[in-house]
Amino acid sequence: MIVTAAELVSAYLTALERADAEAVLELFAPGAMVHSPLYGPRPATEFYPELFADTSRAALTLLGVAEGRTQQGAALISFWFHFDWRLPSGVAAPFDVVDLAELAEDGRIATLRIVYDTVDVRPAFERETGSSWRPVTDQS
């Protein structure tokens, strides 16, 4: 059982780097959602298999961890890391990222918000995957 923020982040990054969907999903509460700048909002059970299908290799370097609370009082862990992402063809698409993990009462991740600038990553990702998800913006 995950007890500390450091243990949760370590388990998550290790499973992410190994592309181990089962290990990653064990860290998420049932019905958990992931909000990604490239994939959009997805249930965790859909997001990770899709991400791993679009990954030939990943190397992750943890840069920092912070703990806090949401305005509603839920535990919140923020972790900053470098994601040396390689697309299926081997094309490099590295970026620095901050993940915000809102925890359920049992300590598993209920919502994960992934935050990074996609300006350098998006063109390679779209060429490689044919995906061009963009968030809906208010045009008023």
Side-chain angles (χ1 to χ4, degrees):
M1 179 70 171
I2 302 297
V3 179
T4 68
E7 290 172 336
L8 177 65
V9 171
S10 177
Y12 176 78
L13 294 180
T14 297
L16 188 61
E17 191 169 63
R18 289 191 335 241
D20 185 340
E22 184 176 331
V24 169
L25 292 172
E26 286 177 4
L27 303 173
F28 284 81
M33 291 292 294
V34 175
H35 299 265
S36 164
L38 288 179
Y39 295 88
R42 299 257 194 295
T45 54
E46 294 175 18
F47 173 77
Y48 289 98
E50 195 171 342
L51 173 65
F52 296 152
D54 291 337
T55 302
S56 68
R57 185 173 63 82
L60 310 178
T61 305
L62 181 63
L63 301 170
V65 177
E67 294 180 70
R69 297 250 167 224
T70 67
Q71 289 299 100
Q72 294 74 33
L76 182 66
I77 299 172
S78 304
F79 45 107
W80 171 35
F81 60 101
H82 179 74
F83 195 147
D84 184 4
W85 189 29
R86 302 295 167 143
L87 299 171
S89 67
V91 167
F95 54 93
D96 287 342
V97 57
V98 175
D99 282 5
L100 304 168
E102 183 178 332
L103 304 184
E105 288 186 20
D106 68 359
R108 292 188 290 169
I109 300 168
T111 303
L112 185 73
R113 296 183 190 285
I114 302 169
V115 182
Y116 60 94
D117 187 344
T118 64
V119 70
D120 294 327
V121 174
R122 187 175 295 282
F125 174 78
E126 289 179 354
R127 277 193 306 276
E128 186 94 9
T129 66
S131 176
S132 61
W133 180 85
R134 298 276 198 296
V136 175
T137 56
D138 184 9
Q139 300 297 321
S140 54

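Listed here is the closest heavy atom pair of Arg86 and Ala92: NH1-CB, 3.3 Å. Shown here for Ala29 and Arg108, the closest heavy-atom pair between the two residues is N-CB, 3.6 Å. Residues Tyr116 and Asp96 approach most closely at CB-O, 3.2 Å, considering heavy atoms. Closest heavy-atom contact between Ala58 and Glu17: O-CG, 3.1 Å.
A donor-acceptor pair is defined here as one N or O able to donate and one able to accept, closer than 3.5 Å; no such pair exists between the side chain of Glu46 and the backbone of Pro43. Judged by distance alone, with hydrogens and angles left aside, the side-chain atoms of Thr55 form no donor-acceptor pair with the main-chain N or O of Leu87 at under 3.5 Å. Side-chain atoms of Thr14 come within 3.5 Å of backbone N or O of Ser10 as a donor-acceptor pair.
At least one side-chain heavy atom of Ile109 sits less than 4.5 Å from a side-chain heavy atom of Leu8. With a 4.5 Å cut-off on side-chain heavy atoms, Phe28 and Tyr48 count as touching. Residues Leu76 and Arg69 have side chains not in contact (no heavy-atom distance under 4.5 Å, counting atoms from C-beta outward). Looking at heavy atoms from C-beta onward, Phe52 lies in side-chain contact with Leu16 at the 4.5 angstrom threshold. Between Phe81 and Val97 the shortest side-chain heavy-atom distance falls below 4.5 Å. Counting heavy atoms from C-beta on, the side chains of Asp54 and Leu38 never come closer than 4.5 Å. Side-chain contact between Phe83 and Leu60: present, with at least one pair of heavy atoms (C-beta onward) separated by less than 4.5 Å.
The hydrophobic cluster containing Ile114 does not contain Met33, counting ILVMFWY residues as joined when their side-chain heavy atoms lie under 4.5 angstrom apart, directly or transitively. Residues Tyr39 and Val98 do not share a hydrophobic cluster, clusters being chains of Ile/Leu/Val/Met/Phe/Trp/Tyr side chains in contact below 4.5 Å. Under the 4.5 Å side-chain heavy-atom criterion for ILVMFWY residues, no single connected hydrophobic cluster contains both Val115 and Val65. Note on Leu25: it clusters hydrophobically with Leu27, by side-chain heavy-atom contacts below 4.5 Å among ILVMFWY residues.
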Exercise. Hey, mind stepping through Val24 and Phe47 against side-chain contact (heavy atoms from CB on, under 4.5 Å) and telling me if it holds?
Worked result: CA-CA 11 Å; Val24 169; Phe47 173 77; over 6 Å; no
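His82 contributes atom NE2, which lies 9.0 Å from atom CZ of Phe95 (distance to the nearest 0.5 angstrom). Interatomic distance, CH2 of Trp80 versus CG of Leu62, reported as 10.0 Å (0.5 Å rounding).
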